[in-house]
Amino acid sequence: MSTSQPDRLLILRLSSLGDLVHAVPVVPALSAAFPHARLDWVVDARWAPFIRLVRGINEVIPLQPSASGYFRCMGRLRQNRYSCVIDFQGIYRSAILAWTSGAGRRIGRDRNSARERGAARFYTDRIAPSGQHVAEMSMSLAVHAGARRPSEMQFPIQVPAEEIMQLRERLSGEGAERYVVLSPGGGWKSKCWPAERFGALCAEMSRRYGVRSVINLAPGEEQLGESIAANSFPAKPIVYCPALPQLVALLSQALLVVGGDTGPLHLAAALGTRVVALFGPTNSSRNGPLPHGVVIQNHSSDPPNYRRGDYVRGHSYSPEMLSISVDQVLRAVEQEMSRTSLAPL
């Protein structure tokens, strides 16, 4: 571990939302270790609005999804003259950015732990990350840079006050001053729970607690929202496709969030909202919500396989997710709702 004090540090963590959330705790750790240093973050442009909400970041550098955007980013990094770069992504795309920055110290995963093994050749410091959870592994790279490992992960995410005001106006107009959020989508279909089960969950939460459900969707998931709504009678869920700042506000004000191992679920947990996390082909010990949350995962004799592809007969829900019943989720919801001021009707 170096004892030199860097004057400008760069974080490389490009995507996805869940992984970005789990990298956020390195920011207060590095800021505490190097209080006089500038701390910047390179991120894929689509996620830049989220990183701009992280307290402690001096400059967010969006990486545009084009060759010209990549070369512009490279030039900007060289111009900023970083003394230390930490690559939390571990792929060629991020490692080459670290290398071309000209930083004298470039920290990343070693060949055996990088997502793309050859990326390790571009670092000066190649680390075998320690820890069980991905957030702990990321923190071990920050510790190598000189940070102190915290006793508890901190998530300094600002919730935009103006977005909260607009959200309240919108939802109160629909009679949803108090609400739960269902986040049914996901990058892997194998991590998703069937739409008809989310619909049944909507209906039962409306019957038991008298609360509306807000179905949070990403662009392109409109059909999923329609399917959930069609299976939620007599409940009338609100289908919502928010931009990132709006999503932060939505999740921060919810009574509860239910979803799979996806970015919105992890963001909700980081904001301090109660979550019920549905896990199937991924390992909740490695990828679970932080700092806390209720996890439902039906264990089998086989370890989580992280498989993304389709299954038998083209049915792409994983057997592990299909094993989670509506009753299981309702028991977890009841457990979390009992800790709020909202009692069953």
Side-chain angles (χ1 to χ4, degrees), residues 1-2 9-34 39 41-43 47 50-51 54-57 84-91 94-95 98 105-117 119-120 123 125-157 191 260-273 275 277 279-297 299 303-306:
M1 184 185 302
S2 172
L9 294 92
L10 178 66
I11 291 172
L12 286 166
R13 178 73 239 191
L14 309 180
S15 62
S16 59
L17 180 57
D19 289 332
L20 292 169
V21 169
H22 286 153
V24 164
V26 307
V27 174
L30 290 168
S31 297
F34 309 112
L39 182 58
W41 190 319
V42 174
V43 65
W47 305 117
F50 167 64
I51 300 301
V54 178
R55 291 188 298 273
I57 296 297
C84 180
V85 175
I86 311 174
D87 180 9
F88 296 97
Q89 192 84 37
I91 59 176
S94 57
R105 194 170 185 219
R106 304 181 300 277
I107 301 171
R109 292 172 175 248
D110 65 10
R111 183 175 176 83
N112 293 327
S113 58
R115 278 182 55 191
E116 296 176 353
R117 292 166 62 89
Y123 311 134
D125 299 34
R126 303 172 183 89
I127 309 304
S130 60
Q132 186 176 31
H133 197 281
V134 291
E136 296 171 339
M137 296 178 195
S138 291
M139 187 63 71
S140 67
L141 271 64
V143 168
H144 184 83
R148 179 175 294 180
R149 189 178 293 274
S151 57
E152 184 175 342
M153 298 288 181
Q154 299 177 42
F155 296 87
I157 302 168
K191 293 197 297 185
D261 176 17
T262 57
L265 185 283
H266 295 298
L267 177 55
L271 291 167
T273 303
V275 302
F279 269 70
T282 54
N283 187 342
S284 60
S285 296
R286 182 181 184 275
N287 301 96
L290 291 177
H292 49 72
V294 175
V295 174
I296 300 176
Q297 184 164 36
H299 295 284
N305 55 36
Y306 287 82

Query raised in the report: Checking K191 side chain against G260 main chain: does a donor-acceptor pair fall under 3.5 Å?
Result: no
**Report entry** Step-by-step side-chain contact (heavy atoms from CB on, under 4.5 Å) determination, L39 to W41
**Finding:** CA-CA 7 Å; L39 182 58; W41 190 319; over 6 Å; no
**Report entry** Taking every non-hydrogen atom, the tightest pair across G288 and H22
**Finding:** O-NE2, 3.5 Å
Report task. Only counting residues at least two apart or in another chain, list the ones meeting side chain to side chain contact (heavy atoms under 4.5 Å, CB included) with A142. Result -> V26, L30, M139, A147
Query - Short side-chain to backbone donor-acceptor contact, Q89 and R13, under 3.5 Å - result: no
Query raised in the report: How far apart are the C-alpha atoms of L14 and F88, what are their side-chain angles, what is the distance that settles it, and do they pass the side-chain contact (heavy atoms from CB on, under 4.5 Å) test?
Result: CA-CA 9 Å; L14 309 180; F88 296 97; over 6 Å; no
Query raised in the report: Hey, is CD on E116 packed in by over 12 heavy atoms from elsewhere, all under 6.0 Å?
Result: yes
Query raised in the report: Just checking, is any N or O donor in the side chain of N287 or H266 under 3.5 Å from an acceptor N or O on the other one?
Result: no
Requested in this report: With the side chain counted from C-beta on, respond yes when V275 and V294 share a heavy-atom pair under 4.5 Å apart, and no when they do not.
Outcome: no
Query raised in the report: From D261 CG over to S284 OG, what is the distance, rounded to the nearest 0.5 angstrom?
Result: 9.0 Å
**Report entry** Check: A114 main-chain N/O paired with R117 side-chain donor or acceptor under 3.5 Å
**Finding:** no
Query raised in the report: Which atom names give the shortest non-hydrogen contact between A120 and D110, and what distance separates them?
Result: CB-C, 3.8 Å
Query raised in the report: If every non-hydrogen atom of A33 is compared with every non-hydrogen atom of G146, which pair is closest and at what distance?
Result: CB-O, 3.6 Å
Query raised in the report: For the residue pair I51 and L20, what are the closest heavy atoms and their distance?
Result: CD1-CD2, 4.3 Å
Query raised in the report: Is the closest side-chain heavy-atom distance between R109 and R115 below 4.5 Å?
Result: no
Report task. Measure the shortest side-chain to side-chain distance between L267 and F50 over non-hydrogen atoms and say whether it is less than 4.5 angstrom. Result -> yes
Query raised in the report: Do the non-hydrogen side-chain atoms of P289 and F279 ever get within less than 4.5 Å of each other?
Result: yes
Report summary line: Output for pair (R55 CZ, I157 CD1), nearest 0.5 Å, gives 8.5 Å
Query - Pairwise side-chain contact, I107 with D87, heavy-atom cut-off 4.5 Å (strictly under) - result: no
Report summary line: M153 and P25 have their tightest heavy-atom pair at SD-CB, 3.6 Å
**Report entry** Full working for side-chain contact (heavy atoms from CB on, under 4.5 Å) between H133 and R286
**Finding:** CA-CA 4 Å; H133 197 281; R286 182 181 184 275; 5.9 Å; no
Query raised in the report: Are L9 and F34 close enough that some pair of their side-chain heavy atoms sits under 4.5 Å apart?
Result: yes
Query raised in the report: Closest approach of S94 and I91, non-hydrogen atoms and distance?
Result: OG-O, 3.0 Å
Report task. Answer whether the closest heavy-atom distance between the side chains of C84 and L10 falls below 4.5 Å. Result -> no
Report task. Look only at the side chain of S140 and the backbone of S130, and say whether a donor-acceptor pair between them is shorter than 3.5 Å. Result -> yes
Query - Point-to-point distance, once rounded to the nearest 0.5 Å, from CD of E152 to CG of L290 - result: 9.5 Å
**Report entry** Neighbour count above 12 (heavy atom, 6.0 Å) for R148 CZ
**Finding:** no
Query raised in the report: So, D125 and R106, do they make that salt bridge, N to O below 4.0 Å?
Result: no
